[in-house]
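The analysis underlying the following values was restricted to heavy atoms, covering all of them including side chains, and did not include hydrogens, waters or symmetry mates.
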2 protein chains.
Amino acid sequence: MQSLIAAAATRCPVLSKASSASREALMRHAVLRRLDRGSCVFTHGDAAESGYVLMEGWIKITRTQPCGAISILTLHAPGETFGFSDSIRRLSRKATAEAATACTVLSVSARSICQTMRNDPNFGDTILGHAFQQNDSLLEQLETLKIYSGVQRLACFLIRHAKPDQERHIVRLPFNKNLVAHYLGLKPESLSRSFARLKEHGVRTVPEGIEISDLDALNALVGDIAGLDLRMTA
Amino acid sequence: MQSLIAAAATRCPVLSKASSASREALMRHAVLRRLDRGSCVFTHGDAAESGYVLMEGWIKITRTQPCGAISILTLHAPGETFGFSDSIRRLSRKATAEAATACTVLSVSARSICQTMRNDPNFGDTILGHAFQQNDSLLEQLETLKIYSGVQRLACFLIRHAKPDQERHIVRLPFNKNLVAHYLGLKPESLSRSFARLKEHGVRTVPEGIEISDLDALNALVGDIAGLDLRMTA
DNA sequence: CGCCCTCTTGAACCAGTTCAAGCGCAGTGG
DNA sequence: CCACTGCGCTTGAACTGGTTCAAGAGGGCG
């Protein structure tokens with residue numbers, strides 16, 4: 001158990017930057033939680049009491065509109081953190097975090113985070129830096145939605161999650177494509193067709209996941225925008 | 001001059017929450033800058049040395065892709081702040097801030113922000129809260145892009161910027177619609193057609209700006225989503 | 001084996017884009 | 001004073017990317 005928590009410290013971008021004293025303080029009340037696929041870490045409206053470090057598995061953050069429409073706001077891969085924003089501000093949850101696969105998450109109480117920030121100003125900077133970084137990634141997501149087509153957004157997504165493997169790259173997506181589709185702002189059918197289109201650019205589905213034979217080709221695809229509009233003046 | 005800076009303190013969401021001592025420390029080196037429409041507060045790649053409080057006018061934050069495509073990331077109304085993220089982290093600017101109208105901005109040096117955070121832990125919390133809030137607004141923007149149609153996004157935008165005026169509401173947009181279009185992820189022509197569609201819902205262009213005769217009707221329009229997809233399972 | 005679930009495919013359809021033309025208006029210069 | 005020009009905005013018609021609806025293929029499981 002203790003070693004697992006130590007492992008968390010090394011892989012988490014927030015914890016890894018904290019001093020060892022701060023890290024120990026945080027870990028003292030940290031709890032490791034296992035989640036089955038489909039269960040929720042927290043739900044829209046809950047009181048927010050902890051931030052989370054995702055040790056294994058994928059988490060999706062969703063919001064449900066009054067009329068019933070669901071939007072997938074973010075998708076977190078192993079090693080990432082989530083749920084800090086609401087908990088540190090002591091607000092109620094503004095979204096729902098659901099396990100997209102079986103997950104292990106490390107729950108760190110907001111109380112101890114805040115206390116650590118008081119004791120160690122450097123840790124405050126780390127948290128702030130983390131918030132800003134999340135900001136950057138949201139901006140990037142916004143950018144792709146505004147200027148890229150569906151196929152290009154998929155290409156971006158694959159590039160971001162590609163892991164080198166011999167001569168090629170592999171993307172392991174241990175959950176259904178329905179989720180990816182919604183995340184990219186597409187319908188499942190459109191995603192399927194987008195994958196079909198990417199076959200011509202060296203993207204194939206293999207048993208281990210999705211194989212990218214030529215990463216540069218994908219990057220080139222993302223490089224040129226179809227609806228290039230230089231009419232912007234002021 | 002001194003009174004203007006005091007005014008800044010009261011209208012800015014960050015400064016208004018700071019202690020008077022912190023506020024004074026920040027204001028000591030703050031500089032008021034006037035900008036003509038079209039000029040840049042900062043440009044992608046610059047060293048980031050200040051955060052800004054927008055006193056008058058509108059600022060657009062844009063990013064230009066290598067291929068030349070421009071995306072409008074955010075649009076700031078008077079009273080809002082921008083440019084804190086990169087400057088506090090002492091990174092180079094990741095986007096460009098351009099005056100969409102003639103502007104007055106208060107420039108606060110990153111050095112003094114960081115120093116104030118050291119001296120006053122409460123101010124650190126304020127900045128952190130600000131970062132989280134910006135996060136929230138980006139998430140909202142993402143949500144609208146993913147699940148709303150163009151007309152609905154426009155309706156959201158108008159609702160957000162509507163100011164009550166007698167029996168009706170008025171939205172003053174002191175810049176060209178081209179900008180609004182890009183911000184909403186639409187082409188100028190599509191925006192024009194969207195406005196035409198909203199005429200049936202009580203939205204008219206009048207000399208003072210855009211008139212909304214029935215805010216509830218607009219809210220209702222945003223309420224029900226066309227492509228409601230409940231096929232989400234896990 | 002049949003059932004369910006995920007993913008794919010096809011055909012009709014629709015929102016938003018593209019390209020092109022036209023209007024109203026402010027600025028300019030004869 | 002008025003033609004000329006440029007710009008912001010609108011409108012129309014053809015087109016396209018993505019959706020919708022419907023059907024079918026493939027795999028896991030009781």
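Ring centers of B/F132 and A/F84: at least 6.0 Å apart, outside the cut-off.
For the 3.5 Å distance criterion, the side chains of A/R34 and A/T104 qualify, holding a donor opposite an acceptor.
In this structure, the CG atom of A/L145 is 15 Å from the C1' atom of C/dG16, given to the nearest Å. Rounding to whole angstrom units, CG of residue B/L154 and P of C/dA15 are separated by 16 Å. Atom pair A/H182:NE2 and C/dT6:C1' shows a separation of 14 Å (rounding to whole Å applied). Between the OH atom of B/Y148 and the P atom of C/dC14 there is a distance of 23 Å, given to the nearest Å. Taking atom CG of residue B/L198 and atom P of nucleotide D/dT10, one finds them 12 Å apart after rounding to whole Å. Rounded to a whole Å, the CD1 atom of A/I147 is 17 Å from the C1' atom of D/dG17. Rounded to whole Å, the distance from CG on B/L191 to C1' on C/dG16 is 12 Å. Taking atom CG of residue A/N176 and atom P of nucleotide D/dG27, one finds them 18 Å apart after rounding to whole Å.
With DNA chain C read from its 5' end, the first of the two nearest nucleotides for B/R197 and B/R193 is the one closest to B/R197.
With A/L184 as reference, A/L154 is the one residue of A/L154, A/L179, A/L75 to meet the side chain to side chain contact (heavy atoms under 4.5 Å, CB included) rule.
Base contact: B/S190 has a heavy atom under 4.0 Å from a base atom. Nucleic acid contact class of A/L186 (heavy atoms, under 4.0 Å, all strands): sugar-phosphate only.
Ring-plane geometry between A/W58 and A/F175 is classed as perpendicular, the angle between the planes exceeding 60 degrees on a 0 to 90 degree scale with a lower cut at 30.
Side-chain N/O atoms of B/K187 include none lying less than 4.0 angstrom from OP1 or OP2 on C/dA15.
If you check C/dC19, C/dT6, D/dG18 against the side chain of B/E189, the one that comes closest is C/dC19.
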